[in-house]
Amino acid sequence: MEVRTRFAPSPTGFMHLGGVRTALYAYLFARKHGGKFILRIEDTDQERFVEGATEVIYDTLRGCGMDWDEGPDVGGDYGPYVQSDRKHMYLPYAKELVEKGAAYYCFCTKEELDERRAAAEARGEVFKYDKHCLNLSKEEIQAKLDAGTPYVIRLNCPTEGESAYDDEVFGHIAFPNSDLDDMVLIKADSMPTYNFANVIDDHLMGITHVLRGMEYLSSTPKYNLLYKAFGWEIPKYVHLTTVMRDAQHKLSKRDGDAYYSDFISKGYLKEALINYLALVGWNPGDDREFFTMEELIEAFDIKRLNTSPGIFDVTKLTWMNAQYIAKMDFEDYLRMATPWFDQVLAGKGMDYRRLAELMQGRTEVFNRIPDMISFLAEMPEYDLSLYFHKKMKCDETVAKENLTLMLPVIEGIQDWTEQNLHDTVMAAIAESGKKNGAVLWPLRIAISGLANTPGGAFEIMYLLGRDETLRRLHAAMEKLG
RNA sequence: GGCCCCGUGGUCAAGCGGCCUAAGACACCGCCCUUUCACGGCGGUAACCCGGGUUCGAGUCCCGGCGGGGUCACCA
């Protein structure tokens, strides 16, 4: 049988990382087995229509390399793929269940229910619908229906025994039926509840494997009751652990660390993000850590999905991101880095190509670039103690002495290339009998004001240009007294 | 609170009864390389939640406790 998985997000305008990972696993599983990956938009949330929200979903998934075989924009044999376009499909199914005795009309109002719920809570009990309307006679029901009394349709759950199923990752899971609540299938506005629509859609779309968050673990018995009542085949369940921010919190939008777009705009590479995300809750069983999408498809196996929640470690993601950046095509790096360079260097006429060469291996996340290179735009304030460096055998006095020695040498350089800068200065150092470090260290400090810079003295002098370099050197001499 | 799930170093994790005096990666700390930083190389610190069983033998199986998470809507 052909494997069919789906990703069914709500168009909220943002893609949660947990959602991206769920989509990824569903995608990988389908591809791994030569099956189909379906995209279904669950937009029954009537009140909140977000402009462009479905595009966010499309762009994220496609951008990451997850293409779907069926969906709103690509069509398919099981459409429509947008839930709001399927509105009319659900009520008949609910009525079928009523006829089969698996569901029933309920006329209790929301207010009555709230009251009873509050009362139960006051008694310290868990509220469960008491099947009040299940006892209504056929005549009573018909009378109310004829009178146009608002109603909902509820699932008639068993009250004894237990419901069990075998989850593909968690194994055998059993629940006492006495805990099952007669959930609403059709709301008073005749629209289906999320859970009901889900089951109908999954069945109609021929979904064979349901990959979803483990928050559905405890409502799955009710899903199964529905499948059984219809006489439909129950899909395989692959419940996924939660992606956490720390041991007790999920990734949340509040902290700005939950959305795919948060990371992309900070300058994380989607390949790195996907690669890292794949590894939170899953591993290939060997030591491999770097995967292309193709390699993930090849290696993916739901048997290796973990059962305990994983914490999303930004530090490790950042490391992985740096690895990806270092290995990316230089032209791509230059193109991506340019806007970040522009933030502090726009209009300076800086050699971006050379700068990019120096920066590529040092960029962990693109948004850290401006801080790393702002010294090129403007000489930072710095303390004279920076000239002290034990290993370089340097301090203020040495700095002053060696800088005084080098200033005329550098001033005499007209052919301002890195190579020439290097050769001329190194020759002068050799001639002076000084230690390389004792000259180069203070030289770099004098023109950068920083202990750490992306590149050494020659690279920076070149980048700065002759005028600016000399200006900074003179300022340094003055500062050193 | 009821029910369900989970519990190996700070984090991701391997381990599926003996090969574990417990891999690997990130982070951290040293050292080396280097005109700085980074990269790279080498080395180091650091874990089986607790208590009972079962077994010749338990991180690995069972039970209990504790801890964490999830779920208990006419939300999705």
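Computation of the quantities below employed the complete heavy-atom set of this structure, encompassing side-chain atoms and omitting hydrogens, waters and symmetry-equivalent molecules. Convention: sequence-line order gives letters A, B, ...; per-chain numbering from 1.
- Nucleotides B/rC61 and B/rG67 place their C1' atoms 22 Å apart, quoted to the nearest Å.
- A/R212 comes within 4.0 angstrom of nothing in the nucleic acid, heavy atoms only.
- Within 4.0 Å of A/S308, counting heavy atoms only, lie sugar-phosphate atoms of the nucleic acid but no base atom.
- Closest to the side chain of A/Q323, out of B/rG40, B/rG7, B/rC26, is B/rG40.
- Side-chain contact of A/Y237 with A/N224: a donor-acceptor pair under 3.5 Å is present, judged by distance alone.
- Look at A/R245 and you won't find any side-chain N or O under 4.0 angstrom from OP1 or OP2 of B/rU11.
- Between the side chains of A/Y268 and A/D262, not a single donor N or O lies within less than 3.5 Å of an accepting N or O.
- At the heavy-atom level, A/V126 lies under 4.0 Å from base atoms of the strands shown.
- Positionally, the nearest nucleotide of RNA chain B for A/F175 lies more toward the 5' end than for the other of A/N452 and A/F175.
- In this model, the phosphate group of B/rA14 is approached by a side-chain N or O of A/N283 to a distance below 4.0 Å at OP1 or OP2.
- Considering only the side chain of A/R117, B/rC74 comes nearest among B/rC6, B/rA25, B/rC74.
- Nearest-nucleotide mapping onto RNA chain B: of A/M244 and A/Y194, the residue sitting toward the 5' end is A/M244.
- With hydrogens and angles left out, the side chain of A/K110 and the base of B/rA73 share no donor-acceptor pair within 3.5 Å.
- When the P atom is compared between B/rC49 and B/rA22, the two are found 15 Å apart, to the nearest whole Å.
- Of the candidates B/rA76, B/rC5, B/rA13, the closest approach to any side-chain atom of A/Y216 belongs to B/rA76.
- Across the P atoms, B/rC29 and B/rG69 are found 31 Å apart, a figure rounded to whole Å.
- Using atom C1' as the reference point in both B/rC48 and B/rG7, the two lie 10 Å apart (nearest Å).
- In this structure, B/rU55 makes no Watson-Crick or G-U wobble pair, since no nucleotide meets both defining distances under 3.5 angstrom.
- Nucleotide B/rC39 has no partner under the Watson-Crick or G-U criteria, as no pair reaches both atom distances under 3.5 Å.
- Of the nucleotides present, none pairs with B/rA13 by Watson-Crick or G-U wobble criteria with both distances under 3.5 Å.
- Across B/rA46 and B/rU21, the matching C1' atoms stand 16 Å from one another, rounded to whole Å.
- Picking from B/rU71, B/rA27, B/rU35 the nucleotide with the shortest atom distance to the side chain of A/T315 gives B/rA27.
- A salt bridge does not link A/R288 with A/E295: every distance from a Lys NZ or Arg NE/NH1/NH2 to an Asp or Glu carboxylate oxygen is 4.0 Å or more.
- Among the atoms of the strands shown, none is found under 4.0 Å from any heavy atom of A/C394.
- For the residue pair A/Y194 / A/S10, no side-chain donor-acceptor distance below 3.5 Å is found, with atom types taken as modelled.
- Residue A/K187 places at least one side-chain N or O closer than 4.0 Å to OP1 or OP2 of B/rA76.
- Candidate nucleotides B/rC3, B/rG24, B/rA14 were compared by shortest atom distance to the side chain of A/D287, and B/rG24 ranks first.
- For B/rA13, the OP1/OP2 oxygens have a side-chain nitrogen or oxygen of A/N306 closer than 4.0 Å.
- Side-chain nitrogen and oxygen atoms of A/R362 include none within less than 4.0 Å of the OP1 or OP2 phosphate oxygen of B/rC39.
- Across all strands shown, A/A457 has heavy atoms under 4.0 Å from base atoms, whether or not it also approaches the sugar-phosphate.
- The side chain of A/K391 has B/rU34 as its nearest neighbour among B/rC74, B/rG70, B/rU34.
- Salt bridge status for A/R40 with A/D202: present, with a side-chain N to carboxylate O gap under 4.0 Å.
- Aromatic pair A/H422/A/F458: centroids less than 6.0 angstrom apart.
- Across the strands present, B/rU71 finds its partner in B/rG2; the criterion is a Watson-Crick or G-U wobble pair with both atom distances under 3.5 angstrom.
- Backbone-only contact: A/G361 has heavy atoms under 4.0 Å from sugar-phosphate atoms and none from a base.
- A/M320 comes within contact range of no nucleotide atom at all, as no heavy-atom separation falls under 4.0 Å.
- At the heavy-atom level, A/A174 lies under 4.0 Å from the strands shown only through sugar-phosphate atoms.
- With respect to A/K303 and A/E168, no salt bridge is recorded, no charged nitrogen being found less than 4.0 Å from a carboxylate O.
- Between the C1' atoms of B/rC37 and B/rC20, the separation comes to 40 Å (whole Å).
- A salt bridge links A/E468 with A/R472: the distance from a Lys NZ or Arg NE/NH1/NH2 to an Asp or Glu carboxylate oxygen falls below 4.0 Å.
- Residue contacts shown for A/G213 are absent, as no nucleic acid heavy atom lies under 4.0 Å away.
- Side-chain N/O atoms of A/R368 include none lying less than 4.0 angstrom from OP1 or OP2 on B/rC37.
- Residue contacts for A/S219: at a heavy-atom cut-off of 4.0 Å it reaches no nucleic acid atom on any strand shown.
- A/F458 comes within 4.0 angstrom of a base, heavy atoms only.
- Between B/rA73 and B/rC62, the distance separating the two P atoms is 32 Å to the nearest Å.
- When distances are taken from the side chain of A/F170 to each of B/rC74, B/rC6, B/rA27, the shortest belongs to B/rC6.
- B/rG64 is paired with B/rC50 under the criterion used here, namely a Watson-Crick or G-U wobble arrangement in which both key atom distances are under 3.5 Å.
- Closest contact between the side chain of A/V152 and the listed nucleotides B/rC3, B/rU35, B/rC74 involves B/rC74.
- Taking the side chain of A/Q248 as heavy atoms from C-beta on, and the options B/rA14, B/rC26, B/rG68, the nearest nucleotide is B/rG68.
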